[in-house]
Amino acid sequence: MADVVLEVDRVRKSFGGVHAVDDVSFALPAGEIRALIGPNGAGKTTLFNILTGQLPADAGSVRFRGRPIDGLAPWAIWRLGIGRTFQITATFATLTVLENVQVARLSHVRRSRALFRPARTLELGPATTLLEQVGLADQRSRAAGVLAYGDLKKLELAIALAHDPTLLLLDEPTAGMAPAERGALMALTARIARARGLTVLFTEHDMDVVFATADRIMVLHQGRLIAEGTPDHVRAHREVQAVYLGDAV
C-alpha cells in the first residue's frame with residue numbers, strides 16, 4: 001500500500017444537537033484521487049473545515065504525513081502542504097490573473113512582507129508556469145474580476161497549487177459551472193495531479209464527474225461514512241442508492 005498522506009481517526013463535530021461529523025475515520029494514500037459525496041447537509045464541508053483548521057473537532061484526531069495537525073491554524077496547515085479551494089471562489093478581483101498567482105507564490109516563499117523590489121517582478125516564472133498548466137497564460141493580464149466563471153475556477157486551482165502542496169482539497173470545484181465545463185475542469189485537475197504526484201480529496205454533486213475522476217469514493221450521510229470503495233462498488237451499494245444516488249446509477 002502507498003504511504004498514507006492523511007489519517008482521520010474518529011473525528012466528531014456537533015452544532016447543538018446536530019452531529020455534523022459523526023465518528024468519521026479514513027486513510028488517504030499518496031497519489032490517490034478520492035471523492036467525498038453525500039446529500040446536502042451530510043457534513044462534507046464541515047469535515048473539510050476541520051481538516052484545514054477552519055473548525056476545531058470535538059473529538060478524534062487528524063494526521064498529515066504522520067504529523068498531528070489538530071489545533072493548528074489554517075495558515076500553518078497550508079504551509080505543511082495542504083491546499084484547498086472553496087465552493088465560492090476566493091480571488092482578488094482587482095488584481096490581474098498573474099498577480100493573483102504571484103501573491104500566493106510570494107506567501108509560499110515568505111516574501112510577502114520583506115520586499116526589496118516591486119512585487120510585480122517577483123515569482124514571475126513559477127506563476128507563469130502555473131497559468132500555462134491550467135490554460136490561462138493568454139489571460140495573465142486581465143483582471144480576475146472580469147473572467148468567465150469557468151476561467152475563475154481555473155485561476156483558483158492555480159492559486160491552490162502555488163505552494164506546491166502534497167494534498168489538495170477541492171470543495172465543490174465545479175459548483176456553478178455549466179455541465180460541459182465540469183468534466184473538462186476535473187479532467188484538467190486529474191492530469192495535473194497525476195503529473196505532480198498529488199493526492200486529491202474532492203467533494204462534488206455531479207455524479208458523472210465523480211465516477212469519471214475518482215479512484216475511490218466515500219459516501220457521507222448525516223455525518224457518518226456509510227460506504228467507501230471503488231466507483232463500481234459504491235455505485236452498487238444499496239444504502240448509497242437509497243439515500244443518495246437514486247436514479248443517478
Side-chain angles (χ1 to χ4, degrees), residues 20-21 33-52 54-55 74 78 82-101 103-104 130-163 165 167-193 198 200-214 217-221 231 234 243-249:
V21 177
I33 299 177
R34 185 177 297 189
L36 176 66
I37 66 173
N40 288 330
K44 303 183 298 295
T45 296
T46 298
L47 179 59
F48 266 37
N49 286 339
I50 292 170
L51 300 180
T52 55
Q54 307 284 333
L55 283 174
W78 180 82
I82 299 179
R84 180 182 178 178
T85 66
F86 294 83
Q87 292 183 28
I88 300 173
T89 54
T91 59
F92 296 105
T94 59
L95 296 184
T96 67
V97 169
L98 178 62
E99 288 168 345
N100 267 273
V101 183
V103 167
L130 283 165
L131 292 180
E132 290 171 349
Q133 290 178 344
V134 301
L136 289 179
D138 61 340
Q139 303 203 56
R140 56 184 286 171
S141 298
R142 299 188 71 198
V146 303
L147 290 180
Y149 193 71
D151 288 334
L152 199 58
K153 287 287 191 175
K154 291 179 182 178
L155 176 57
E156 191 175 38
L157 175 61
I159 292 169
L161 294 169
H163 71 301
L167 172 63
L168 193 58
L169 304 179
L170 308 175
D171 193 1
E172 297 288 348
T174 72
M177 297 181 72
E181 295 180 305
R182 297 171 191 162
L185 178 65
M186 287 309 295
L188 170 66
T189 302
R191 286 197 301 271
I192 293 173
L198 275 173
V200 178
L201 179 63
F202 71 98
T203 69
E204 180 58 58
H205 282 291
D206 187 322
M207 290 300 100
D208 289 336
V209 169
V210 168
F211 286 107
T213 307
I217 300 170
M218 299 186 298
V219 185
L220 200 63
H221 179 56
V234 169
V243 304
Y244 188 54
L245 293 181
D247 59 10
V249 299

Could you tell me whether the side chain of [X] and the main chain of [Y] form a donor-acceptor pair under 3.5 Å?
{"X": "E156", "Y": "K153", "answer": "no"}
{"X": "T203", "Y": "E172", "answer": "yes"}
{"X": "E181", "Y": "A178", "answer": "yes"}
{"X": "H163", "Y": "W78", "answer": "yes"}

Is there side-chain contact between [X] and [Y], with at least one heavy-atom pair below 4.5 Å?
{"X": "N49", "Y": "R84", "value": "yes"}
{"X": "V200", "Y": "L167", "value": "no"}
{"X": "V210", "Y": "D206", "value": "no"}
{"X": "K44", "Y": "D171", "value": "no"}
{"X": "L147", "Y": "L155", "value": "yes"}
{"X": "L131", "Y": "V101", "value": "yes"}
{"X": "F202", "Y": "T189", "value": "no"}
{"X": "I217", "Y": "P231", "value": "yes"}

Say you draw a straight line from [atom1] of [X] to [atom2] of [Y]; how long is it, rounded to the nearest 0.5 Å?
{"X": "L157", "Y": "L170", "atom1": "CG", "atom2": "CG", "value": "7.0 Å"}
{"X": "Q54", "Y": "T46", "atom1": "CD", "atom2": "OG1", "value": "11.5 Å"}
{"X": "L47", "Y": "L36", "atom1": "CG", "atom2": "CG", "value": "6.0 Å"}

Please give me the minimum heavy-atom distance between [X] and [Y], naming the atom from each residue.
{"X": "A160", "Y": "L168", "result": "CB-CD1, 3.8 Å"}
{"X": "A162", "Y": "A104", "result": "CB-CB, 3.5 Å"}
{"X": "Q133", "Y": "L188", "result": "O-CD1, 3.4 Å"}
{"X": "I33", "Y": "A193", "result": "CD1-CB, 4.2 Å"}

Check your understanding: Going through the distances and angles, do Q139 and L98 end up as a side chain to side chain contact (heavy atoms under 4.5 Å, CB included)?
Key -> CA-CA 8 Å; Q139 303 203 56; L98 178 62; over 6 Å; no

Exercise for review: Assess whether side chain to side chain contact (heavy atoms under 4.5 Å, CB included) is satisfied between L161 and L198, documenting all intermediate values.
Suggested key: CA-CA 10 Å; L161 294 169; L198 275 173; 3.5 Å; yes

Practice item. Mind checking side chain to side chain donor-acceptor pair (under 3.5 Å) for T91 and listing every partner two or more places apart, or none if nothing turns up? Key: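 Testing T91 for side chain to side chain donor-acceptor pair (under 3.5 Å), a comparison that skips the adjacent residues, returns none.
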
Review point. Can T174 and E204 be counted as having a side-chain donor-acceptor contact under 3.5 angstrom?
Key: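 The answer is yes; a qualifying pair exists.
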
Exercise for review: Determine whether the side chains of N100 and R140 contain a donor N or O and an acceptor N or O closer than 3.5 Å.
Suggested key: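 Result is no, nothing qualifies.
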
Point to revise | Test side chain to side chain contact (heavy atoms under 4.5 Å, CB included) applied to L169 and T52, step by step | key: CA-CA 9 Å; L169 304 179; T52 55; 3.4 Å; yes

